[in-house]
Amino acid sequence: MRFGLLGEKLGHSYSPELHAFFGDYDYELFEVAPGDLGDFLRERDFQGLNVTIPYKTTVHDICEHLTEAAEAIGSVNTVVKQPDGTLLGDNTDAAGFEGMVWKSRVRVLGRKCLVLGSGGASLAVRYVLNKLGAGQVVVISRSGEDNYDNLDKHKDASVIVNTTPVGMYPKTGTAPVDLRDFPQCEGVLDIIYNPARTALIQQAEALGIPCLGGLYMLVEQARCASQVFTGKPLPAIRSKEAYSVMSRRKDNRILIGMPGSGKSTVGRILAERLGRPFVDCDTELEKHLGMTAGDYILKAGEEDFRAQETAMLAQLGKESGLVIATGGGCVTRPENYPLLHQNGTIIFLERELSKLPKKGRPLSLRGNLQDMYTIRLPMYRRFADLIVPNDGDPEAVAKNVEEAYEHFSD
């Protein structure tokens with residue numbers, strides 16, 4: 001049987017991994033240009049499809065049969081070829097988003113909700129919000145009556161849901177709205193799942209607003225789609241299991257700490273234990289610069305070196321499933337935090353000052369190491385999700401990092 005995901009640009013889709021978790025069937029990525037969509041659907045060389053941007057409403061209009069949910073929503077994200085060759089359109093986005101709402105514990109009943117975007121996913125989100133008793137659901141689009149130029153009319157919104165691709169991989173770091181414009185906001189949901197924490201979600205975190213990214217929605221809709229594909233029931237607990245597995249699998253482990261704190265040594269061991277790639281930022285940066293960090297700092301200055309480092313972190317932070325050892329001074333630039341946090345858990349390897357080596361470390365050779373440690377220590381702690389002492393055997397420290405992460409992510 002042939003199943004897969006249909007979209008225009010699919011990039012780093014998690015769907016094949018998810019469907020491998022839920023069912024025993026082949027699952028492919030069908031990246032189809034708009035001009036070729038008609039031919040692709042007419043050939044019907046598939047048993048079932050998930051549908052993503054920008055084809056959800058188009059496929060809805062092509063399907064010969066629709067489930068009650070798909071008809072009510074006006075959008076299709078799951079298609080099954082019937083025995084007679086006709087297409088049955090369903091919408092499991094609705095079940096996925098409803099699961100996301102319950103997972104987030106964001107209260108919808110009686111609240112004014114802003115839905116950013118008016119595409120196929122937005123239709124499913126609105127359907128669920130109304131089903132759950134939202135007090136008012138307002139759609140913000142680029143050219144509609146309610147748009148991004150008159151958001152001040154809706155500053156009393158309680159819940160904001162992003163269904164646009166703004167902030168999605170690879171164009172991370174941007175947000176469709178500024179949450180400071182919504183002083184009554186008490187919940188933010190972003191259906192984007194890559195990165196795990198969009199700029200919108202990170203701002204919500206910083207403001208203390210309950211929030212959740214889109215991975216749980218993706219997982220739950222995939223479970224429901226798998227049931228449609230195979231006709232076999234899958235218990236809801238499978239979504240919780242898949243979410244836990246996918247969250248850990250995609251989450252970068254990012255090591256920060258003073259020069260000489262053991263980030264590279266522990267990072268390599270940790271990567272080997274986890275079976276994932278290891279990246280040493282200092283090594284990669286020196287390859288890019290064509291010289292050692294010390295030589296570059298002497299040539300161009302520390303400020304220019306830090307800017308080069310930030311540019312590298314901007315690229316690495318978008319990736320998933322890595323172990324990353326950062327340079328000791330990355331915490332001196334606050335803008336590096338969201339770059340690392342978007343797809344990672346940040347772990348501070350804390351080592352006693354007396355155990356920090358100075359040999360071959362250009363910035364620690366200048367001035368007083370004690371002064372550097374005193375200045376940077378609060379910076380490391382502000383960046384860190386976890387603090388793990390590095391005061392012994394690197395193998396033992398790597399194990400401690402792994403155990404601390406498992407406890408943290410439960």
Side-chain angles (χ1 to χ4, degrees), residues 3-8 15 19 22-23 30 32 34 37-38 40-44 46-102 108-109 113-141 144-146 161-165 189 191 214 216-234 236 239:
F3 298 97
L5 176 66
L6 169 65
E8 183 179 6
S15 291
H19 282 269
F22 288 127
F30 299 111
V32 178
L37 181 64
F40 176 83
L41 292 173
R42 275 190 293 272
E43 290 173 6
R44 304 193 177 185
F46 55 82
Q47 279 67 50
L49 294 172
N50 289 129
V51 183
T52 189
I53 298 172
Y55 297 137
K56 293 184 180 185
T57 54
T58 304
V59 172
H60 169 276
D61 296 338
I62 291 173
C63 289
E64 289 89 353
H65 311 286
L66 298 170
T67 63
E68 184 178 340
E71 190 164 11
I73 294 167
S75 170
V76 159
N77 83 309
T78 301
V79 176
V80 176
K81 186 167 69 173
Q82 303 289 81
D84 63 359
T86 59
L87 299 181
L88 171 67
D90 198 354
N91 192 305
T92 63
D93 276 341
F97 181 68
E98 187 169 353
M100 180 182 179
V101 173
W102 294 123
V108 168
L109 182 65
C113 302
L114 290 194
V115 178
L116 309 179
S118 56
S122 171
L123 294 171
V125 165
R126 285 178 257 167
Y127 172 81
V128 172
L129 292 174
N130 285 314
K131 175 185 173 183
L132 296 179
Q136 184 182 2
V137 178
V138 178
V139 179
I140 305 297
S141 63
E145 180 181 350
D146 296 294
V161 184
N162 179 42
T163 72
T164 77
L189 301 170
I191 71 169
Y216 196 86
M217 176 177 173
L218 179 74
V219 170
E220 176 65 2
Q221 69 80 25
R223 179 184 70 86
C224 295
S226 184
Q227 292 183 131
V228 174
F229 290 160
T230 66
K232 299 176 181 178
L234 284 167
S239 286

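- Among all heavy-atom pairs drawn from S122 and G117, the shortest one is OG-O, 2.7 Å.
- Here the CG atom belonging to N91 is positioned 8.5 Å from the CG atom belonging to L123, to the nearest 0.5 angstrom.
- Among residue pairs with one or both ends in residues 48-83, none qualify as ring pair (Phe, Tyr, Trp, His ring centres under 6.0 Å); sequence neighbours excluded.
- Across all non-hydrogen atoms, the minimal contact from V219 to F22 is O-CE1, 3.6 Å.
- The two atoms that bring A94 and A124 nearest to each other are N-CB, 4.0 Å, heavy atoms only.
- Using a 4.5 Å cut-off on side-chain heavy atoms (C-beta onward), V51 and F30 make no contact.
- Each of T58, V79, V59, V32 was evaluated against L41; a single residue qualifies, V59, per the side chain to side chain contact (heavy atoms under 4.5 Å, CB included) test.
- Here the closest heavy-atom approach between residue H19 and residue A225 is recorded as CE1-CB, 4.3 Å.
- Atom CD of Q82 has more than 12 heavy atoms from other residues, nucleotides or ligands within 6.0 Å.
- The shortest non-hydrogen separation linking V76 to A70 is CG2-CB, 4.0 Å.
- Put simply, the side chain of R126 never gets that close to the backbone of V137: no donor and acceptor are under 3.5 Å apart.
- T67 and D90 are linked by a side-chain donor-acceptor pair at a separation below 3.5 angstrom, with hydrogens and angles left out of the test.
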Q: Check step by step if side chain to side chain contact (heavy atoms under 4.5 Å, CB included) holds for E71 and E68.
A: CA-CA 5 Å; E71 190 164 11; E68 184 178 340; 5.9 Å; no

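- Residue L189 holds its CG atom at 9.0 Å from SG of C113, rounded to the nearest 0.5 Å.
- Q136 CD: more than 12 foreign heavy atoms inside a 6.0 Å radius.
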Q. Checking side chain to side chain contact (heavy atoms under 4.5 Å, CB included) for the pair L132/W102: CA distance, chi angles, key distance, verdict?
A. CA-CA 10 Å; L132 296 179; W102 294 123; 3.8 Å; yes

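- Applying the side-chain hydrogen bond (donor to acceptor under 3.5 Å, both in side chains) test to E64 and every residue at least two apart in sequence or in another chain returns R44.
- Partner of N50 under the side chain to side chain contact (heavy atoms under 4.5 Å, CB included) criterion, chosen from T78, L6, D93: T78.
- Counting only distance, with no hydrogens or angles, the side chain of Q221 and the backbone of L218 share a donor-acceptor pair below 3.5 Å.
- Scanning all heavy atoms of the two residues, the minimum distance from A72 to Y127 falls at CB-CE1, 3.9 Å.
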Q: Give the C-alpha distance, both sets of side-chain angles, the deciding distance and a yes or no for side chain to side chain contact (heavy atoms under 4.5 Å, CB included) between K81 and L87.
A: CA-CA 5 Å; K81 186 167 69 173; L87 299 181; 4.2 Å; yes

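- Aromatic ring centres of F46 and F40 lie closer together than 6.0 Å.
- In summary, the side chains of T92 and N77 do present a donor paired with an acceptor at a separation below 3.5 Å, with no hydrogens or angles considered.
- Using a distance-only test at 3.5 Å, with no hydrogens or angles considered, a donor-acceptor pair links the side chain of T163 to the main chain of L116.
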